[in-house]
Amino acid sequence: MWSNVNLRLHFIVLLWGFSGVLGKLISIEAVPLVFWRTLIAVIAIYVMVRAAGISLQVSRRLLLQFLGVGVIIAVHWYLFFGAIKVSNVSVALSTMATGAFFSALLEPLFFKTKLKPYELLLALLVMACLWLIFQASPEYWLGILMGVGCSLLSALFSILNAKLQRVHAPRKIMFYEMLGAFLCTFVVMLASGNMHMLYPLPTMDWVWLLVLGTLITAFPMIESVNLLKHISPFSLLLAVNLEPVYGIILAYFIFGESEQMSPVFYAAAMVMVLVIILNAIIKHREKKRATL
């Protein structure tokens with residue numbers, strides 16, 4: 001039987017997988033959607049952090065770094081929800097697997113390491129699967145392109161966070177990154193003259209936005225930090241790789257035919273997820289050997 005920790009772990013991954021479903025349920029466009037998501041998340045995380053007695057004091061240099069990563073996260077979410085709006089949840093989530101390809105290219109640049117042959121091979125395999133997805137669903141080319149851009153930014157802010165979290169409290173980082181994402185979105189809305197798109201909203205949009213900002217964003221972020229007291233970062237990473245699988249299954253059962261894709265699509269998406277998991281397992285074993 002699964003332990004309580006494993007149940008909590010897969011529950012938050014399931015919640016993250018639900019973000020794509022909510023992106024389709026919420027009627028507003030991607031940028032105003034991110035505006036409300038980040039504003040609600042900032043408020044929720046602030047309440048959680050203050051309740052835990054964590055100080056939010058940081059230097060100006062660190063503040064700018066955290067806010068900068070928040071900008072990257074904001075654009076990442078613009079592309080993610082934009083991909084859902086122009087295609088569907090399955091396409092947006094499946095392209096998230098290309099993050100393995102971008103991580104393999106970016107990590108050597110940030111951590112001054114060499115690109116390993118197996119990483120290049122796995123990355124090429126991911127790209128081959130992406131090509132199959134495009135061939136199976138060429139009508140969704142814009143959604144696929146936006147999804148790939150979303151994955152590139154996901155790999156970038158994950159690497160930046162890995163460097164920042166070595167010396168800083170994760171909850172503090174989360175608060176300022178969400179604040180940076182909100183401020184970026186506020187400026188974009190203001191500069192584009194689209195503030196009128198923020199209000200009024202249908203009643204159900206408010207319901208789904210509150211769920212997205214709290215249960216799907218703030219709570220899993222804080223809970224993931226709490227789980228790291230009981231599990232290794234590797235176990236967390238391995239479970240998070242199942243997010244596209246959970247999301248695609250949820251979308252299929254909730255939206256039905258609009259999410260139904262070809263067998264080639266599902267096969268290629270599953271291979272990409274397996275590649276990500278294989279890559280994580282290999283890296284974990286490498287780290288264990290290095291510490292012996």
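Shown here for Ser19 and Ile216, the closest heavy-atom pair between the two residues is CB-CG2, 3.8 Å. Here the shortest heavy-atom pairing between Pro220 and Thr214 reads CD-O, 4.0 Å.
Taking hydrophobic clusters as Ile, Leu, Val, Met, Phe, Trp and Tyr residues chained together by side-chain heavy-atom distances below 4.5 Å, Trp131 does not share a cluster with Leu145. Follow the hydrophobic side-chain contacts under 4.5 Å out from Tyr176 and you reach Leu62 in the same cluster. Residues Leu22 and Leu210 are members of one and the same hydrophobic cluster, defined by side-chain heavy-atom contacts under 4.5 angstrom among Ile, Leu, Val, Met, Phe, Trp and Tyr. In the hydrophobic clustering of this structure, Val187 does not group with Trp77; members are Ile, Leu, Val, Met, Phe, Trp, Tyr whose side-chain heavy atoms approach within less than 4.5 Å, directly or through other members. Both Met204 and Ile26 are members of a single hydrophobic cluster when ILVMFWY side chains are connected at heavy-atom separations under 4.5 Å.
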Mind running side chain to side chain contact (heavy atoms under 4.5 Å, CB included) on Met146 and Val86 for me, showing each step along the way?
CA-CA 9 Å; Met146 295 175 76; Val86 300; 3.9 Å; yes
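Ionic pairing of Glu29 and Lys85 is not present here: no N-O contact between side-chain nitrogen and carboxylate oxygen is shorter than 4.0 angstrom.
Put simply, the side chain of Lys172 gets close to the backbone of Gln57: a donor and an acceptor are under 3.5 Å apart. One N or O on the side chain of Ser262 and one on the backbone of Phe265 form a donor-acceptor pair closer than 3.5 Å.
Residue pairs satisfying the ring pair (Phe, Tyr, Trp, His ring centres under 6.0 Å) criterion with at least one member in residues 14-45, sequence neighbours excluded, are listed as follows: Phe35-Phe182, Trp36-Trp206.
The local environment of CZ in Phe255 is crowded, with over 12 non-hydrogen atoms from other residues, nucleotides or ligands closer than 6.0 Å. By the neighbour-count criterion of 12 heavy atoms within 6.0 Å, atom CE of Met197 is densely surrounded, having more than that number from other residues, nucleotides or ligands. Summarising the local packing, CD of Glu139 is surrounded by more than 12 heavy atoms from other residues, nucleotides or ligands at distances under 6.0 Å.
Other members of the cluster containing Leu64 do not exist, because no ILVMFWY side chain is joined to it at under 4.5 Å. Side-chain contacts under 4.5 Å among hydrophobic residues (ILVMFWY), followed directly or transitively, place Val47 with no other residue at all.
With 3.5 Å as the limit, one finds a donor-acceptor pair spanning the side chains of Thr185 and Tyr78. Ser90 and Asn88 are not linked by any side-chain donor-acceptor pair at a separation below 3.5 angstrom, with hydrogens and angles left out of the test.
Note that CG of Leu93 is 5.5 Å distant from CD1 of Ile248, once rounded to the nearest 0.5 Å.
Using the six-membered ring where Trp is involved, Phe175 and Tyr46 have ring planes that are tilted, between 30° and 60° apart.
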